Amino acid sequence: MSAITNVIVVGAGGSLGPTLIDALLASKKFIVAAFVRPESKSVFPREVKIVKADYSRQELEAALKGQDAVISTVGIGGFAAQKTVINAAIASGVKHFFPSDFGADITEQTIAFFPVFRDKQDAIDYLISREGAISWTVIKTSAFFDWGMKVGFTGFDLVNRTANLIDGGVTKFHATNLSTLTGVVVAILSVPEIYEKTKNQIISISNHEVSQHDILATVERITGVNWEVTYTDSDDLIEDAKGTSADAYAMIRAGLFGKIGLGRLSGKLWNDELGLTQKSLEEDLELILEGKSP
């Protein structure tokens, strides 16, 4: 492994980008840059070099020149552009690439349910085809646990102590804390043994395998009160979301937490190989309820 020093986060203005940037800076091992669109109003720590440009090949190559690693955190609207980013990274001499695939497994069932995920899989397939020119790592996390609890994505309102359970809340899914993901990214880029082990690999990590019902039982035990519970059928959730701006959000929630069960990771978990430390579900939820995580 040659040294990884310069790291750029592409699509840095989203939900994941700033968290990754903070972790990279905190490690004190990297010079960090953030790639955002020209109209972005995102604010980053002063140590971060901010690159504002569009996703044209020419501007991407200029932005990625001198970078050792690219971490793509583009959202749904940017999935189709990842091949262009990969080509620019190769042309610019980038050594390692993380595609924006921090989420559930991509299968034919996933793509049939959520067709835009085809673009995510295409990016992975393209990286595999260009292994001689650039190395890569795909990190599967399924749902983001701490973030999802904080913003209500998992169906819980921590302030008003309410829960919305999809299809009864009994479907098991994997979930990963943001700090776990960012710690793995930092380790891959800074520890030669881990870099070599995960190079050109699709790896899966997870902090918890739970259901919404498991979470509800645990938060009620921690808080000592019964939470107000409502129930949603995933079919109704999908139907109501069609043609609305909430379409993607609702579809992902229905797929991860509903009866279709797309939130379970099928491959082996790399937790032990990566030396990940685990907290219990109750320990993690206590920190989240206290506002100490994420």
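What you see is a predicted model; the values in this text were computed from it and never measured.
You'll find the side chain of Val116 stays beyond 4.5 Å of the side chain of Met251, heavy atoms only. Taking the side chain as every heavy atom from C-beta outward, Phe114 and Ile252 approach each other to under 4.5 Å. Residues Gln82 and Val74 form a side-chain contact, since some pair of their non-hydrogen atoms from C-beta on lies under 4.5 Å apart. Side chains of Pro99 and Leu127 form a contact here, defined as non-hydrogen atoms less than 4.5 Å apart. Looking at heavy atoms from C-beta onward, Ile134 lies out of side-chain contact with Val70 at the 4.5 angstrom threshold. Residues Thr198 and Val184 fail the side-chain proximity criterion, which asks for heavy atoms closer than 4.5 Å. Within the 4.5 Å cutoff, no side-chain heavy atoms of Phe156 are placed close to those of Thr162. In this structure, the side chains of Pro115 and Arg118 stay at 4.5 Å or more apart for every pair of heavy atoms.
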> How far apart are the C-alpha atoms of Val138 and Phe97, what are their side-chain angles, what is the distance that settles it, and do they pass the side chain to side chain contact (heavy atoms under 4.5 Å, CB included) test?
Replying inline: CA-CA 9 Å; Val138 172; Phe97 195 99; over 6 Å; no

> Please walk me through it: do His174 and Lys140 pass side chain to side chain contact (heavy atoms under 4.5 Å, CB included)?
Replying inline: CA-CA 10 Å; His174 285 99; Lys140 301 287 188 181; over 6 Å; no

> Given the rule in the side chain to side chain donor-acceptor pair (under 3.5 Å) test, do Asn177 and Asp284 qualify, once you have shown the distances and angles that lead to the verdict?
Replying inline: CA-CA 9 Å; Asn177 290 329; Asp284 263 343; 2.9 Å; yes

>> Applying side chain to side chain contact (heavy atoms under 4.5 Å, CB included) to Lys259 and Asp235, what does each step give before you reach the verdict?
In response: CA-CA 9 Å; Lys259 59 192 175 188; Asp235 294 333; 2.9 Å; yes

> Run the side chain to side chain contact (heavy atoms under 4.5 Å, CB included) check on Leu181 and Leu16 step by step: do they pass?
Replying inline: CA-CA 10 Å; Leu181 168 60; Leu16 178 58; 3.8 Å; yes

>> Walk me through whether Thr107 and Thr110 qualify under side chain to side chain donor-acceptor pair (under 3.5 Å).
In response: CA-CA 5 Å; Thr107 63; Thr110 312; 2.9 Å; yes

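Although no hydrogens or angles enter the test, the distance criterion places a donor-acceptor pair under 3.5 Å between the side chain of Asp146 and the main chain of Leu178. Between the side chain of Asn271 and the backbone N or O of Ile205, no donor-acceptor pair lies under 3.5 Å. The backbone N or O of Lys95 lies less than 3.5 Å from a partner atom in the side chain of Ser135, making a donor-acceptor pair. When atom types are taken as modelled, the side chain of Asp167 and the backbone of Asp233 share no donor-acceptor pair closer than 3.5 angstrom. Under a 3.5 Å cut-off, the side chain of Gln212 and the backbone N or O of Thr171 do not form any donor-acceptor pair. Put simply, the side chain of Thr218 never gets that close to the backbone of Glu282: no donor and acceptor are under 3.5 Å apart. Looking at Asn6, its side chain does come within 3.5 Å of a backbone N or O of Gly66 through a donor-acceptor pair. When atom types are taken as modelled, the side chain of Thr137 and the backbone of Phe98 share no donor-acceptor pair closer than 3.5 angstrom. Distance alone, capped at 3.5 Å, is enough to place a donor-acceptor pair between the Glu220 side chain and the Trp227 backbone. Proximity of a side-chain donor or acceptor of Ser142 to a complementary backbone N or O of Ala175 within less than 3.5 Å is not detected.
Leu274 and Leu269 fall into different hydrophobic clusters, where Ile, Leu, Val, Met, Phe, Trp and Tyr residues are linked whenever their side-chain heavy atoms come under 4.5 Å apart, directly or through other members. Residues Val48 and Val43 fall into different hydrophobic clusters, defined by Ile, Leu, Val, Met, Phe, Trp and Tyr side chains chained together at heavy-atom separations under 4.5 Å. Hydrophobic clustering (ILVMFWY, side-chain heavy atoms < 4.5 Å, transitive): Val170 and Phe145 are in distinct clusters. Note: the hydrophobic cluster containing Phe117 does not contain Leu265 (ILVMFWY, side chain heavy atoms under 4.5 Å, direct or indirect links). Following chains of ILVMFWY side-chain contacts shorter than 4.5 Å, one cannot reach Met149 starting from Leu287, and the two form parts of different hydrophobic clusters.
Contact detail for Arg161 and Val225: the closest heavy-atom pair is NH1-CG2, 3.5 Å. Closest approach of Ala163 to Leu216, counting heavy atoms only: CB-CD1, 4.1 Å. Smallest separation of non-hydrogen atoms from Ser206 and Gln278: O-NE2, 3.3 Å. A pairwise comparison of heavy atoms in Ser42 and Gly13 identifies OG-CA, 3.3 Å as the closest pair. Nearest approach of Ala80 to Asp119, heavy atoms of both residues: CB-OD2, 3.8 Å. Taking each heavy atom of Thr73 and Gly17 in turn, the nearest pair found is OG1-CA, 3.9 Å.
The aromatic rings of Tyr249 and Phe153 sit perpendicular, their planes meeting at an angle over 60°, well past the 30° parallel limit.
Ile238 contributes atom CD1, which lies 7.0 Å from atom CD1 of Ile260 (distance to the nearest 0.5 angstrom). Rounded to the nearest 0.5 Å, atoms CH2 (Trp270) and NZ (Lys197) are 7.5 Å apart. In this structure, CD on Gln67 lies 10.5 Å from CD1 on Ile4, to the nearest 0.5 angstrom. The OG atom of Ser92 sits 6.0 Å away from atom NZ of Lys65, with the distance rounded to the nearest 0.5 Å. Once rounded to the nearest 0.5 Å, the distance linking CG of Leu289 with CD1 of Ile222 reads 5.5 Å. Put simply, CD1 on Ile202 and CH2 on Trp136 are 5.0 Å apart, with the number rounded to the nearest 0.5 Å.
Atom CD of Glu39 has more than 12 heavy atoms from other residues, nucleotides or ligands within 6.0 Å. No more than 12 heavy atoms of other residues, nucleotides or ligands sit less than 6.0 Å from atom NZ of Lys49. Open room surrounds CD on Glu228; 12 or fewer heavy atoms of other groups in view lie less than 6.0 Å from it.
Evaluation of the salt bridge (Lys or Arg N to Asp or Glu O under 4.0 Å) rule for Asp214 yields Lys172 as partners, not counting sequence neighbours.
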Which donor-acceptor pairs under 3.5 Å do side chains of residues 24-38 form with protein atoms, sequence neighbours excluded?
unit_1, atom_1, unit_2, atom_2, d
Ser27, OG, Leu24, O, 2.7
Ser27, OG, Lys29, N, 3.3

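With Leu64 as reference, Ile8 is the one residue of Ile90, Val51, Ile8 to meet the side chain to side chain contact (heavy atoms under 4.5 Å, CB included) rule.
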